[in-house]
Amino acid sequence: MPPADPIAETGIAVPVVVDVADVACGAGSRSDSPDPGRASGGCSASRSSSIPRHDDLLDGVAEWGPVDTPAGGFHLIPVRLERDLPLIGRWMNDPATAAFWELAGPQEVTQDHLRAQLAGDGRSVPCIGVLDGAPMSYWEIYRADLDPLARHYPARPQDTGIHLLVGGVAHRGRGLGGLLLRAVADLVLAQRPTCTRVIAEPDIRNTPSVAAFLTAGFQFSAEVDLPAKRAALMVRERSLRHLL
């Protein structure tokens, strides 16, 4: 189970500069940040052979493609260590992020966290969120029913979890978190027909994150005691996605 949650993971106070040589975007989101950003349609990831191929337990996240949102086109691009580690490492060392993700320190700390997922069996896929052509957030899409989290709530087969960190200062405090969390949750449900609900577990102290999930159509289910935090279990049901 990834570190704490993302909303407090709201980012970093340094400019977002990253090599996106393998991300072609035209004009055109450790668990839950309040403000993801916006992205633009016409954004696609090159089918690079360096993207790890393993047993795919999440129905091909790399192939999901961009989605249109009221904030712009948004695309989840699976992490490539050599391209994305410096940026993600900087985000993890922002004090607001470190308080919840607990991955501050030398770049190797973040590297180990990412490598564990990239070398795994595909039950967790780390991604960069690209909004309007700009990398602005870090996401983890994971199989909640195969995660240690499943020991702490009545999991269903194919439950899919979301963790989010908003990295760019310019994308915080604008209400983008709830907007992008809704877009990504809907994307999960559209691309994973066997998944009946999307799960999140932000730190209960992270009130901006909890509020963002509520705005995104998630419902508060329970408080759960996890090894590293007391969490708010948030659930977005497929059956209610057009009502909430």
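The analysis underlying the following values was restricted to heavy atoms, covering all of them including side chains, and did not include hydrogens, waters or symmetry mates.
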Q.
Quick check for you: to the nearest 0.5 Å, what is the distance between Asp112 atom CG and Gln117 atom CD?
A. 12.0 Å
Q) Should Arg192 and Gln158 count as side-chain neighbours, where that means a heavy-atom distance under 4.5 Å? A) yes
**Q.** Contacts of type side chain to side chain contact (heavy atoms under 4.5 Å, CB included), residue Ala104, not counting sequence neighbours
**A.** Asn93, Ala98
(Q) Can you confirm whether Val184 sits close enough to Ile141 that some side-chain heavy atom of one is under 4.5 Å from a side-chain heavy atom of the other? (A) yes
Q | Least distance between heavy atoms, Gly122 atom then Leu58 atom | A | O-CD1, 3.5 Å
**Q.** Audit row: Lys229, Glu201, side chain to side chain contact (heavy atoms under 4.5 Å, CB included) steps and yes/no
**A.** CA-CA 10 Å; Lys229 63 184 178 182; Glu201 24 76 27; 2.7 Å; yes
Q | Verdict with supporting geometry, Leu165 and Met92, side chain to side chain contact (heavy atoms under 4.5 Å, CB included) | A | CA-CA 9 Å; Leu165 174 154; Met92 292 299 180; 3.8 Å; yes
Q: To the nearest 0.5 angstrom, please state how far the CG atom of Leu146 sits from the CG atom of Asp121.
A: 7.5 Å
Q | Gly89 versus Thr110, closest heavy-atom pair with distance | A | CA-OG1, 3.8 Å
Q. Which pair of heavy atoms, one from Asp132 and one from Ala71, lies closest together, and at what distance?
A. OD2-O, 3.8 Å
Q | Crowding at CZ, Arg230 (>12 non-hydrogen neighbours, <6.0 Å) | A | yes
Q: Determine the minimum heavy-atom distance between Leu189 and Thr196, stating which atoms define it.
A: CD2-C, 4.2 Å
Q: State which residues pass side chain to side chain contact (heavy atoms under 4.5 Å, CB included) with Arg205; sequence neighbours excluded, sorted by chain then number.
A: Phe100, Asp203
**Q.** Beyond-backbone contact of Met234 with Pro202, side-chain heavy atoms, under 4.5 angstrom
**A.** yes
Q.
With a 4.5 Å cut-off on side-chain heavy atoms, are Val198 and Glu237 touching?
A. no
Q) With under 30° as parallel and over 60° as perpendicular, where do the rings of Phe218 and Phe213 fit, or are they tilted in between? A) perpendicular
Q: Rounded to the nearest 0.5 Å, what's the gap from CG on Leu240 to CD on Gln219? Could you check?
A: 5.5 Å
Q) Between Ser124 and Arg143, is any pair of side-chain heavy atoms under 4.5 Å apart? A) no
Q | Any residue meeting side chain to side chain donor-acceptor pair (under 3.5 Å) with Arg238, in chain and number order, not counting sequence neighbours | A | none
(Q) Using the rule given for side chain to side chain contact (heavy atoms under 4.5 Å, CB included), can you reason through His113 versus Glu140, listing the C-alpha separation, both sets of side-chain angles and the distance that settles it, and then say yes or no? (A) CA-CA 11 Å; His113 177 75; Glu140 291 171 355; 2.7 Å; yes
**Q.** Side-chain heavy atoms of Tyr142 within contact of Leu149, under 4.5 Å
**A.** yes
Q: Identify the heavy atoms of Leu181 and Ala216 that sit nearest to each other, and give their distance.
A: CB-CB, 3.7 Å
Q: Kindly indicate whether the side chain of Leu81, heavy atoms from C-beta on, has any atom under 4.5 Å from the side chain of Gln111.
A: yes
Q: Kindly indicate whether the side chain of Leu76, heavy atoms from C-beta on, has any atom under 4.5 Å from the side chain of Val67.
A: no
Q) Rounded to the nearest 0.5 Å, how far apart are CZ of Arg182 and CZ of Arg236? A) 5.0 Å
**Q.** Gap separating the CG atom of Leu233 from the OH atom of Tyr153, nearest 0.5 angstrom
**A.** 7.0 Å
Q. Once you round to the nearest 0.5 Å, how far does CZ of Arg115 lie from CG of Leu85?
A. 8.5 Å
Q.
On a heavy-atom basis, which atom in Ile204 and which in Ala232 lie closest, and how many Å separate them?
A. CD1-CB, 3.6 Å
Q) Between Arg156 and Asp145, is there a side-chain N and carboxylate O pair less than 4.0 Å apart? A) no
Q) Between Val166 and Tyr138, is a side chain to side chain contact (heavy atoms under 4.5 Å, CB included) present by the stated rule, with each step listed? A) CA-CA 6 Å; Val166 174; Tyr138 170 71; over 6 Å; no
Q) Step by step, would you call Arg123 with Asp147 a salt bridge (charged side-chain N to carboxylate O under 4.0 Å, His left out)? A) CA-CA 8 Å; Arg123 69 183 63 195; Asp147 189 86; over 6 Å; no
(Q) Treating Trp64 as the side-chain partner and Asp59 as the backbone partner, does any N or O pair qualify as donor plus acceptor under 3.5 Å? (A) yes
